[in-house]
Amino acid sequence: MTNNRFLFPAIAAMVLALLFPIYWYTQFGNMTSGGEALIRDLSGLNPSDLVFLLIGILNVYIYLSLKKFLNERHEFNAADIPLVLLIVTVSIFVFGSLLLDSFMYFFGTRLNFPSHEGLVDGNIAALIISTIVFGGLNIALGFILFTRSREFLGTLKAFAVVLMIEGFFEVTVIFSVISIVIFPLTLIILAILFLREPEVLEVV
């Protein structure tokens with residue numbers, strides 16, 4: 001197991017499977033409560049932003065590792081485009097949000113209250129748009145992997161199916177909150193996939 005080149009991506013997937021639901025559960029709580037608590041969270045830097053940054057870094061690392069896993073272990077590059085687009089989308093959403101938080105932290109006191117309300121609306125709009133984009137890309141990635149399922153292990157087939165289910169919930173936006181449960185499940189399946197030895201192949 002120590003010689004497995006994808007041991008660290010597997011660990012990263014398990015860590016993210018734990019952090020993701022904890023972070024977004026608290027964030028959705030802030031959104032539903034609204035008011036000044038939400039404005040304070042969006043208009044400055046706080047410990048939750050560090051967790052958000054870590055989640056973004058882990059996401060990018062895992063997507064890069066999955067791309068490498070498919071390229072090297074299965075000589076499969078048909079999923080490169082959706083994976084790269086997922087990396088770009090995560091980077092824009094995470095680092096863009098943190099840059100905005102940093103701006104508000106240093107210059108927010110010069111802005112009046114309506115500007116802060118506009119910040120809340122802007123963050124919610126960005127979250128909705130990114131959720132739809134994530135959903136579409138997850139569906140595309142899952143479909144690409146599933147249509148080539150004969151070449152893959154059963155674990156990768158399961159990953160593709162769960163990924164498509166997650167994507168369908170995300171594009172609805174209303175039911176995207178279910179991804180708090182489904183996304184960690186995809187990460188656990190992916191961790192199992194990363195820990196599989198390369199010589200373990202499925203016989204059809």
Side-chain angles (χ1 to χ4, degrees), residues 4 6-25 27-28 52 54-74 76-91 93-94 127-198 200-204:
N4 191 327
F6 296 95
L7 175 61
F8 289 116
I11 295 173
M14 294 302 296
V15 172
L16 184 57
L18 177 65
L19 286 179
F20 184 86
I22 294 174
Y23 174 82
W24 282 110
Y25 178 80
Q27 290 300 111
F28 284 133
F52 185 57
L54 179 58
I55 287 174
I57 293 173
L58 287 173
N59 261 295
V60 170
Y61 176 62
I62 290 167
Y63 288 135
L64 284 172
S65 299
L66 178 57
K67 179 178 178 296
K68 184 177 181 181
F69 176 88
L70 293 171
N71 292 164
E72 294 183 1
R73 190 166 292 186
H74 293 281
F76 182 76
N77 57 13
D80 285 3
I81 292 178
L83 282 170
V84 170
L85 290 176
L86 279 167
I87 291 169
V88 171
T89 304
V90 168
S91 300
F93 177 64
V94 172
L127 178 61
I128 292 174
I129 293 172
S130 61
T131 299
I132 295 173
V133 173
F134 282 132
L137 291 174
N138 283 333
I139 292 172
L141 177 59
F143 180 77
I144 290 172
L145 294 176
F146 187 76
T147 53
R148 297 290 295 272
S149 62
R150 292 179 182 176
E151 303 176 18
F152 297 140
L153 296 170
T155 308
L156 192 48
K157 296 178 187 178
F159 173 74
V161 172
V162 176
L163 196 63
M164 284 189 289
I165 294 173
E166 177 191 345
F168 281 121
F169 281 119
E170 287 173 331
V171 295
T172 66
V173 177
I174 297 176
F175 299 106
S176 62
V177 67
I178 300 176
S179 64
I180 292 180
V181 176
I182 299 180
F183 184 54
L185 177 59
T186 65
L187 291 169
I188 293 171
I189 296 173
L190 190 57
I192 295 171
L193 183 67
F194 283 146
L195 291 174
R196 291 274 190 139
E197 293 299 328
V200 178
L201 298 176
E202 182 180 67
V203 179
V204 179

Where do [X] and [Y] come nearest, in terms of heavy atoms and distance?
| X | Y | value |
| --- | --- | --- |
| Ser176 | Thr131 | CB-CG2, 3.6 Å |
| Ala79 | Leu145 | CB-CD2, 4.3 Å |
| Phe76 | Asn71 | O-ND2, 2.8 Å |
| Val90 | Gly56 | CG1-O, 3.8 Å |
| Ala17 | Pro184 | O-CB, 3.6 Å |
| Val162 | Thr186 | CG1-CG2, 3.2 Å |

Could you tell me the separation between the [atom1] atom of [X] and the [atom2] atom of [Y], rounded to the nearest 0.5 Å?
| X | Y | atom1 | atom2 | result |
| --- | --- | --- | --- | --- |
| Leu156 | Ile192 | CG | CD1 | 12.5 Å |
| Thr89 | Phe93 | OG1 | CZ | 11.0 Å |
| Ile188 | Leu193 | CD1 | CG | 13.5 Å |
| Leu19 | Ile55 | CG | CD1 | 5.5 Å |
| Ile57 | Ile62 | CD1 | CD1 | 12.0 Å |
| Leu85 | Asp80 | CG | CG | 10.5 Å |

Taking atom CZ of Phe143 as the centre, does the number of heavy atoms from other residues, nucleotides or ligands within less than 6.0 Å exceed 12?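 Atom CZ in Phe143 is not packed in, count stays at 12 or less.
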
Crowded around Ile81 CD1? As in, over 12 foreign heavy atoms under 6.0 Å?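 No, CD1 of Ile81 has 12 or fewer neighbouring heavy atoms, counting only those of other groups under 6.0 Å.
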
Is there a side-chain contact between [X] and [Y] (heavy atoms, below 4.5 Å)?
| X | Y | value |
| --- | --- | --- |
| Glu170 | Ile132 | no |
| Leu66 | Phe159 | yes |
| Phe183 | Leu16 | yes |
| Ile180 | Pro21 | yes |

Would you call the rings of Phe69 and Phe6 parallel, tilted or perpendicular, where under 30° means parallel and over 60° means perpendicular?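 Plane angle over 60°, so perpendicular.
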
Give a yes or no answer on whether the side chain of Asn138 reaches the backbone of Met164 with a donor-acceptor pair at less than 3.5 Å.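 Between the backbone of Met164 and the side chain of Asn138 there is no qualifying donor-acceptor contact (under 3.5 Å).
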
The test is side chain to side chain contact (heavy atoms under 4.5 Å, CB included); show your working for Leu70 and Asn77 and say whether it passes. CA-CA 7 Å; Leu70 293 171; Asn77 57 13; over 6 Å; no

